[in-house]
Amino acid sequence: MNHRNAQKSKYSWILILCIIIGLLSSLYLVFERHQIEKSQNHIENIVDYDAVLRASAFEKRSQQEAFDALRNAGVTAFAIYDRTLEKAKDAGQVKVLSSEEMDSVRVNGAAIKPGATYVALISGKEGYYKEIREDLYHRIGKDKVKELNTSIGPVLELYGATADSYAKMNLGISKLQAQEVVDRGFNVIVRPTNYRNVTSEDIQYVFKRLEGIPHVTGMIFAGKEALGAPNLTDETLALLNKNHIPLVGIEAVNQLQYEPQQGFLEMAAKNNYSVGRVYTIAKEELKKITPEEAAQRFYISDIERNIRFNLFPMYETGINNETVLQTTINYINIATEKLAVKGYEFGPADIYPAYTPNPLLVVITMIGAIALFVYVLQMMLPMSKHTQLVAFFGISLASIVVFILTSGTLITQIWALSSAIMAPVGAMIRLMEEWRRYDGARPLGAIKSTILALLYLVIAALFAAIGGMYIASLLGNTKFFMEFALFRGVKLTFVLPIILVIIAYLQRFPLWNGRMINSKEEAKTFVVEFLTMDVKLYVFFIIAALGGAVWVFVGRSGHTAGVPVPGFELMLRRFLENTMYARPREKEFIIGHPALMLATFAFMRKWPTVIHFLLTLAGVIGIASMVETFCHLRTPVFMSIMRGYDGLLIGALFGVLLIIAVRFMMYVTQWFQAREVDHE
């Protein structure tokens with residue numbers, strides 16, 4: 001080892017000590033976070049009440065039997081929306097008549113107006129008629145609503161708009177309907193729409209309808225606005241808290257954050273992000289997938305994305321010669337059974353508390369992340385111990401000041417990103433240093449090389465896990481749990497580790513023309529030679545292939561939808577989701593971990609350096625992916641840990657099989673070569 005390389009190993013033990021202390025602090029915060037996440041195990045299964053009433057009309061079984069079947073399938077609540085005249089008519093609560101249909105009706109003291117819309121009382125449904133009359137007075141004013149005394153009883157006369165407009169106009173939440181749901185033994189989820197030019201009176205009107213109704217377990221706004229938007233959402237939030245009704249946001253279609261609803265984000269922030277999160281499937285999407293796939297999507301959403309409200313849409317057509325309602329019941333039952341196996345219970349959903357980790361422990365963890373940054377940096381840019389400590393203490397002091405001044409959100413994200421990059425890079429560099437211990441030795445035996453390959457994979461994974469723990473604790477708060485804030489820089493966590501490992505490899509192994517690049521002069525020479533070398537045509541095809549691989553690799557990572565997943569891979573994912581605690585990532589157990597094991601085997605067996613280099617780069621993918629898993633803060637931390645463990649376990653098995661397969665192919669090749677020599 002030359003002087004420069006020897007200098008690289010001279011790190012300050014103060015950095016190691018701070019990394020360990022930071023790790024201990026992060027482990028405590030991770031444990032605390034796990035306890036909070038573990039306690040959030042109640043899920044509310046919801047169905048649209050009106051949709052069930054319509055579907056049950058086509059069932060041979062009684063309405064009560066239909067509701068019993070829904071309860072047995074796991075449904076715990078029904079969603080009630082603003083009533084419309086159209087819905088009230090379909091439910092048999094009132095009659096809606098045209099002026100032509102009223103011609104045969106005798107009206108006392110008035111005449112039928114052409115083009116008007118009439119709402120008539122149905123005997124036995126007086127309560128609904130009174131509610132609708134009250135809603136109409138509130139919505140459009142008494143000057144547009146006139147109550148007539150007729151031969152068929154009281155009738156409301158509406159004019160000023162078309163019959164279709166009146167039929168579809170939102171009236172209000174029905175207290176009687178809410179009470180119906182409660183009387184059937186279910187919870188109530190309220191889905192109000194906002195009023196135009198909303199007033200305090202409008203908001204009070206909604207909550208007045210809910211007075212005395214027990215088991216109202218959530219409010220999910222319908223439409224593009226929260227109730228009270230844009231200026232009166234504070235009143236809505238105050239009434240929600242006063243009545244102990246959870247505020248619930250709708251997860252976006254791309255499964256990232258929330259559907260845009262004006263005023264919702266502001267309400268969530270003022271509630272310290274202690275809100276619910278509901279998942280549903282668009283009706284158009286539901287038509288394209290099987291009930292089994294629909295159930296799987298709800299299952300995965302709940303266990304991986306902190307979803308605690310499931311809004312199950314109704315199928316529009318039955319499948320397998322079953323009714324619409326039974327098809328819907330079947331897929332709800334499948335999802336419920338899968339979740340029950342995971343230990344979830346069903347009823348009023350658990351809402352994450354407004355949790356923020358202890359600031360002192362966050363600062364200690366952040367100092368550990370800074371120590372990790374300096375430690376890995378000095379392995380690539382040699383610096384004296386004095387310089388290391390000056391850099392460490394200077395960056396730490398500046399970061400603590402920023403943490404105090406900004407409440408920590410920005411600076412903790414920066415050091416979480418640093419940990420996501422530096423932890424896998426540090427793991428790979430330490431692995432390279434271990435490889436170099438065998439640089440001058442004779443090739444090791446195949447069995448010993450395989451054992452070392454397995455051992456070094458585990459060591460690299462454990463080193464990288466430090467970064468995962470730092471991320472999980474630095475950003476482990478309700479704002480990130482509920483995805484109002486996202487980890488920024490996910491793509492960088494895949495790209496930068498590969499680039500930095502390439503640099504570290506060139507510093508330690510004679511890949512370029514038999515030389516290592518560990519000085520400024522050598523680096524300049526490398527750049528000049530690289531940019532001026534002759535390139536064969538086939539190189540362009542290789543670069544194009546590598547570019548395609550990078551596009552898939554980066555495009556399939558992060559928070560965005562990215563590159564689509566092929567069907568066969570979806571089948572593999574579903575199999576792993578149903579057979580393992582947490583589905584491991586393919587890039588870990590299929591690509592990264594086996595490649596890293598083969599890289600160690602290749603070095604110990606003295607294979608060509610270029611092969612070892614390519615295997616090392618492939619190995620970075622798995623190690624970096626393990627750390628990147630913790631960047632998805634919406635996923636419970638224990639699941640992220642188990643995902644990494646499962647990936648490591650299967651990856652190690654695949655790695656051993658890969659080494660055996662490569663050895664077998666080498667033996668076969670040698671055997672054929674020996675036969676050719678014998679024939680000659």
Side-chain angles (χ1 to χ4, degrees), residues 42-95 121-132 171 173-191 209-210 212-218 220 280 283 286 291 294-295 298 309-337 339-340 344-349:
H42 281 82
I43 295 172
E44 189 88 86
N45 287 336
I46 314 161
V47 181
D48 180 351
Y49 186 62
D50 286 324
V52 170
L53 291 178
R54 289 193 299 270
S56 65
F58 299 95
E59 294 274 314
K60 290 182 179 179
R61 55 188 159 189
S62 68
Q63 197 174 79
Q64 183 58 49
E65 288 173 333
F67 280 101
D68 289 342
L70 285 161
R71 182 182 292 103
N72 293 335
V75 174
T76 58
F78 284 106
I80 60 172
Y81 296 72
D82 279 341
R83 177 176 39 204
T84 66
L85 289 178
E86 186 175 59
K87 290 180 181 178
K89 178 184 176 182
D90 291 343
Q93 296 166 355
V94 293
K95 293 178 182 178
L121 169 70
I122 293 178
S123 179
K125 301 290 184 178
E126 289 81 5
Y128 288 101
Y129 174 83
K130 290 179 181 179
E131 273 193 345
I132 290 172
L171 299 177
I173 297 298
S174 169
K175 184 169 188 173
L176 291 174
Q177 190 178 51
Q179 189 62 55
E180 267 186 33
V181 171
V182 172
D183 292 343
R184 293 184 185 277
F186 295 90
N187 299 324
V188 179
I189 300 294
V190 187
R191 301 214 59 192
R209 283 290 176 86
L210 301 178
I213 302 297
H215 311 302
V216 179
T217 54
I220 308 171
T280 190
K283 289 184 178 180
L286 191 66
F298 278 96
F309 291 83
N310 292 327
L311 180 55
F312 292 96
M314 298 280 291
Y315 271 87
E316 293 185 356
T317 57
I319 296 176
N320 296 329
N321 200 32
E322 292 181 327
T323 64
V324 166
L325 185 58
Q326 188 58 48
T327 300
T328 302
I329 289 172
N330 289 345
Y331 91 91
I332 295 174
N333 187 59
I334 294 171
T336 301
E337 289 181 349
L339 290 165
Y344 289 97
E345 298 178 12
F346 305 93

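Taking the six-membered ring for Trp and the full ring otherwise, Tyr315 and Tyr331 have centroids separated by under 6.0 Å.
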Problem - Working for side chain to side chain contact (heavy atoms under 4.5 Å, CB included), residues Leu286 and Met314 - result: CA-CA 9 Å; Leu286 191 66; Met314 298 280 291; over 6 Å; no
Practice task
Step by step, work out the side chain to side chain contact (heavy atoms under 4.5 Å, CB included) result for Leu339 and Phe298.
Solution key: CA-CA 9 Å; Leu339 290 165; Phe298 278 96; 5.9 Å; no
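Note that CG of Leu85 is 5.0 Å distant from CG of Leu171, once rounded to the nearest 0.5 Å. Atom-to-atom distance recorded for Phe186:CZ and Ile46:CD1 is 12.5 Å, nearest 0.5 angstrom. Note that the OH atom of Tyr128 and the CD1 atom of Ile122 stand 11.5 Å from one another [nearest 0.5 Å]. Rounding to the nearest 0.5 Å places OG1 of Thr328 at 10.0 Å from CD of Glu316. Taken from CD in Glu131 to CZ in Arg83, the straight-line distance is 4.5 Å, to the nearest 0.5 Å. In this structure, the separation between CG on Asn72 and CD1 on Ile332 is 12.0 Å, given to the nearest 0.5 Å.
Inter-residue side-chain proximity for Ile80 and Ser174 is flagged as unmet; no heavy-atom pair is nearer than 4.5 Å.
Across Gln93 and Lys125, no two heavy atoms sit closer than the pair O-CB, 3.4 Å. Taking both residues in full, the closest heavy atoms of Arg209 and Lys175 are given as O-CG, 3.1 Å, listed atom of the first, atom of the second, then distance. Smallest separation of non-hydrogen atoms from Gly347 and Thr76: N-CG2, 3.7 Å. Closest of all the heavy-atom pairs between Gly318 and Val324 is N-CG2, 3.7 Å. A pairwise comparison of heavy atoms in Val188 and Ala178 identifies CG2-O, 3.6 Å as the closest pair. The two atoms that bring Ile329 and Arg61 nearest to each other are CD1-NH2, 3.6 Å, heavy atoms only.
Annotation: side chain to side chain contact (heavy atoms under 4.5 Å, CB included) contacts of Ser62 (sequence neighbours excluded): Gln64, Glu65.
At distances below 3.5 Å, at least one donor-acceptor pair connects side-chain atoms of Thr336 with backbone N or O atoms of Ala73. The backbone N or O of Asp48 lies less than 3.5 Å from no partner atom in the side chain of Arg191, so there is not a single donor-acceptor pair. Under a 3.5 Å cut-off, the side chain of Asn45 and the backbone N or O of Gly74 do form a donor-acceptor pair.
Checked for salt-bridge contact, Lys87 and Asp90 miss the test: no charged N lies under 4.0 Å from a carboxylate O.
Classification of the Phe67-Phe78 ring pair by plane angle, with boundaries at 30° and 60°, yields perpendicular.
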